[in-house]
Each structure stands twice: as C-alpha cells, then as structure tokens.
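Notes for the one structure printed next.
Numbering starts at 1 and runs along the sequence shown.
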Amino acid sequence: MTTVTSDSDPAPQRTVFLLAHTGRPAAVRSAELLVQGLLRHGLHVRVLADEARDLPLPEAVRAVHPGQEDVLSGCELIVVLGGDGTLLRGAEFARASGVPMLGVNLGRVGFLAEAERDDLDRVVQRVVARDYEVEERMTIDVLVRNGGSDGEPVHTDWALNEASVEKAARERMLEVVTEVDGRPVSRFGGDGVVCATPTGSTAYAFSAGGPVVWPQVEALLMVPISAHALFAKPLVTSPASVLAVEVQPQTPNGVLWCDGRRTVELPAGARVEVRRGAVPVRLARLHHALFTDRLVAKFALPVAGWRGAPH
C-alpha cells in the first residue's frame, strides 16, 4: 500500500478524471457538486464526452472521447460516482492506465467504493490534500481456447471480480469439468462456475455460495453455480494456480462473462483458463477501517451482544 499525502498547495496542472452514471439523478447532482469543489481548489477535471452532454458542467471541464490516446494522460486520480456496475467500468480505465480509482457509492452495497454520497465534501478535501492511500487489488487473466484438438486461443480477457462460465440456454444444464493446476477435479451439470479474486468474493461468488475472502489474502476462488453433484464445493487455491473450466462436447453452448460487463460465447468443447492477472487495479483509500468492519456495515450484519476481548 502506498501513502499519498501533501501539505503543500495543489499544483496548477493537477487533473482528476470523473466517471459518473449519468442515468441516475443522484449521480448528476453529485458530479456537479464534486466538479465545483475540485475547480474551486484549482484542480482540473476531465470527463467523457458522452457523459458531459448529460452533466451541468462549466466550460473549464475538458471532455474527451474514450478512444483518445491521452484520455487519462496526466490524471492523478479517477473518481467514480455510481453503483457496482459503474465502479467496474471505472476499473477498466484504472487498469488500462495505472491511475488509482476512488469510488463514491450511489448504489446498494458498493464494496469497491470508498465513500458514500453524503461524503462528497470530505472527498474533495482529501483529494485536494492528496490525503489518501493507494492499494493494489489482484485481477485475473482469462484465456478461452476452442473446442478443437489444437486448443487454439480464441479470446483473451481479464476481470477484477470474477470470470463466470454460464449456461446460455435457460432450460438446459451446462455440463463442465473443472481443473486445478492441470489436474481434473470434478465433472457436473449445473448453471456454471465462477472463478473469482478475493475482491470478487463478495460479489457473484458470494451469491453462488462461496466464502468471503479478505482482500489482503492472495488466492483464487472456484465456485460452482447450482451444481447437480455430490462434490461441487467452493475451492480456494494458491494465487499461482491455474484454474480451468471445460465445456463438454455434448452440452449446449455456454457463455463467458467477465465482471458482468464483457461477454463471449463458448461453443461446446471450449476451455476457459483463469490465472492471476499480470496487471492489478489500483484503488484509492480514505479509510483505515478493517475489512471486518466494512463487511459488517455493507451487509448490515447483526453484532449486538459482542463483548470483545478483555483489556
């Protein structure tokens, strides 16, 4: 984890990239307040052109197109306003650029977010003062091979939360064989398999019955989805392991989803390999709170009656 602090006045060319879910009125108002606060302190703000059309922004804000080479050039921080989907969209920019992402939650759970809508003034103050920490979150790299005997790669992808192999036909189970480190583990029919990071353990993998893994733990998760099998339990493996899911030849086509945002069809016989990602996502943190407290707060877990260790 890297600490970023400064007591000096902000440099004149400091730039923050803003990403917002403009379909939400709360995000539009929050973006307006955030931009006003940053500009008031002399920081520059950059937004995507298609979002700029939906935001009441002053002319000082620079609008850029996603395809521009310099879309994030010179930016020190990406501030994302929205729910989990918007935060995962921000993670795509963060991974590609290496710029840390600071999430402001406007959705329901928002495990990736560091602040809530009511914290906007404090967010501005901390950004202006460079008073935040940056931590790296493990990602996964995903490789899809065709169903032929040559096993040629046909698609590559990545994910911060998870890569899920799922059935494409609602009325039919997906028959798969799972593998860890080149050895078969189990064959079963079901709705699919989730391969997740510790960050993703509180997302789809959690809904599928997987364990919650603390972000500081380096590991890979493999969680079956509604499997019809005697042994189809969640697995937690070494971060150096390679996980694989093979779609059986006689089964209907499947589909691969990465972070619920990017998808590709998996023909019968396809093989999906998941390994630790070469490029992490950098998250900006405002709090020193333990993950335990974050877990309790996000899921509203009952802790009444806790006494704690004697002092």
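- Arg46 places a side-chain N or O within 3.5 Å of a backbone atom of Ser73 that can act as its donor or acceptor partner.
- Pairs engaging residues 186-212 under the salt bridge (Lys or Arg N to Asp or Glu O under 4.0 Å) rule: Lys167-Asp191, Glu175-Arg187 [sequence neighbours left out].
- Shown here for Thr251 and Met173, the closest heavy-atom pair between the two residues is OG1-O, 3.4 Å.
- Under the 3.5 Å distance criterion, the side-chain polar atoms of His287 are matched with a main-chain donor or acceptor of Glu114.
- A salt bridge (Lys or Arg N to Asp or Glu O under 4.0 Å) check over residues 138-148, counting only residues at least two apart or in different chains, returns the pairs Arg95-Asp141, Arg145-Glu273.
- For the pair Thr139 (side chain) and Val279 (backbone), a donor-acceptor distance under 3.5 Å is present.
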Could you go through residues 253-264 and list every donor-acceptor pair under 3.5 Å that involves a side-chain atom there, pairing it with any protein atom two or more places apart or in another chain?
from: Asn253; atom 1: OD1; to: Ala268; atom 2: N; distance (Å): 3.3
from: Asn253; atom 1: ND2; to: Glu265; atom 2: OE2; distance (Å): 2.6
from: Asp259; atom 1: OD1; to: Leu160; atom 2: N; distance (Å): 3.4
from: Asp259; atom 1: OD1; to: Asn161; atom 2: N; distance (Å): 2.7
from: Asp259; atom 1: OD1; to: Glu162; atom 2: N; distance (Å): 3.1
from: Asp259; atom 1: OD2; to: Leu160; atom 2: N; distance (Å): 2.8
from: Arg261; atom 1: NE; to: Glu92; atom 2: OE2; distance (Å): 2.8
from: Arg261; atom 1: NH2; to: Glu92; atom 2: OE1; distance (Å): 3.4
from: Arg262; atom 1: NE; to: Asp157; atom 2: OD1; distance (Å): 2.8
from: Arg262; atom 1: NH1; to: Glu92; atom 2: OE2; distance (Å): 2.7
from: Arg262; atom 1: NH2; to: Asp157; atom 2: OD1; distance (Å): 3.3
from: Arg262; atom 1: NH2; to: Trp158; atom 2: O; distance (Å): 2.4
from: Thr263; atom 1: OG1; to: Leu256; atom 2: O; distance (Å): 3.1

Residues Val61, Leu55; criterion side chain to side chain contact (heavy atoms under 4.5 Å, CB included); working and verdict: CA-CA 11 Å; Val61 175; Leu55 297 173; over 6 Å; no
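- Pairs of residues two or more places apart, or lying in two chains, never qualify as salt bridge (Lys or Arg N to Asp or Glu O under 4.0 Å) while including a residue from residues 204-214.
- Annotation for Leu81 and Thr86: closest pair O-CG2, 3.6 Å, computed over non-hydrogen atoms.
- Checking side-chain atoms of Ser164 against main-chain N and O of Glu166 turns up no donor-acceptor pair under 3.5 Å.
- At distances below 3.5 Å, not a single donor-acceptor pair connects side-chain atoms of Glu246 with backbone N or O atoms of Val272.
- The line from CG of Leu290 to CH2 of Trp214 is 10.0 Å long, rounded to the nearest 0.5 Å.
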Audit row: Glu133, Arg285, salt bridge (Lys or Arg N to Asp or Glu O under 4.0 Å) steps and yes/no: CA-CA 5 Å; Glu133 295 180 341; Arg285 291 301 191 196; over 6 Å; no
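- Of all heavy-atom pairs between Met138 and Pro239, the closest is CE-CB, 4.2 Å.
- For the atom pair Arg271 CZ and Asn146 CG, the distance stands at 12.0 Å (nearest 0.5 Å).
- Formation of a donor-acceptor pair under 3.5 Å by the His21 side chain with backbone atoms of Gly23 is found in this model.
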CA sep, side-chain torsions, deciding dist, call: Leu33, Val35, side chain to side chain contact (heavy atoms under 4.5 Å, CB included): CA-CA 6 Å; Leu33 294 174; Val35 168; over 6 Å; no
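- Ala26 pairs by the side chain to side chain contact (heavy atoms under 4.5 Å, CB included) definition with Arg117, not counting sequence neighbours.
- The main-chain N or O of Leu286 is found under 3.5 Å from a side-chain atom of Arg126 such that the two form a donor-acceptor pair.
- Taking NE2 of His41 as the reference point, atom CG of Leu43 lies at 9.0 Å (rounded to 0.5 Å).
- Side chain of Ser201 to backbone of Val212: no donor-acceptor contact under 3.5 angstrom is found.
- Between the side chain of Ser186 and the backbone N or O of Phe231, at least one donor-acceptor pair lies under 3.5 Å.
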Test log, rule side chain to side chain contact (heavy atoms under 4.5 Å, CB included), inputs Val176 and Val193: CA-CA 9 Å; Val176 299; Val193 182; 4.0 Å; yes
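- Annotation: Leu301, atom CG; neighbour count of heavy atoms from other residues, nucleotides and ligands within 6.0 Å is above 12.
- Residue pairs meeting the salt bridge (Lys or Arg N to Asp or Glu O under 4.0 Å) criterion with at least one member in residues 50-59, sequence neighbours excluded, are Glu51-Arg89.
- In this structure, the side chains of Ile225 and Tyr204 come closer than 4.5 Å at one or more pairs of heavy atoms.
- The structure places OG1 of Thr199 at 6.5 Å from CG of Leu112, a figure rounded to the nearest 0.5 Å.
- In this structure, the separation between OG on Ser241 and CG on Leu220 is 6.5 Å, given to the nearest 0.5 Å.
- Taking the six-membered ring where tryptophan is involved, the planes of Phe206 and Phe299 are essentially parallel, since the angle between them stays under 30° and well short of 60°.
- Phe93 contributes atom CZ, which lies 7.0 Å from atom CG of Leu72 (distance to the nearest 0.5 angstrom).
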Steps toward side chain to side chain contact (heavy atoms under 4.5 Å, CB included) verdict (Asn105, Phe111): CA-CA 9 Å; Asn105 181 40; Phe111 262 96; over 6 Å; no
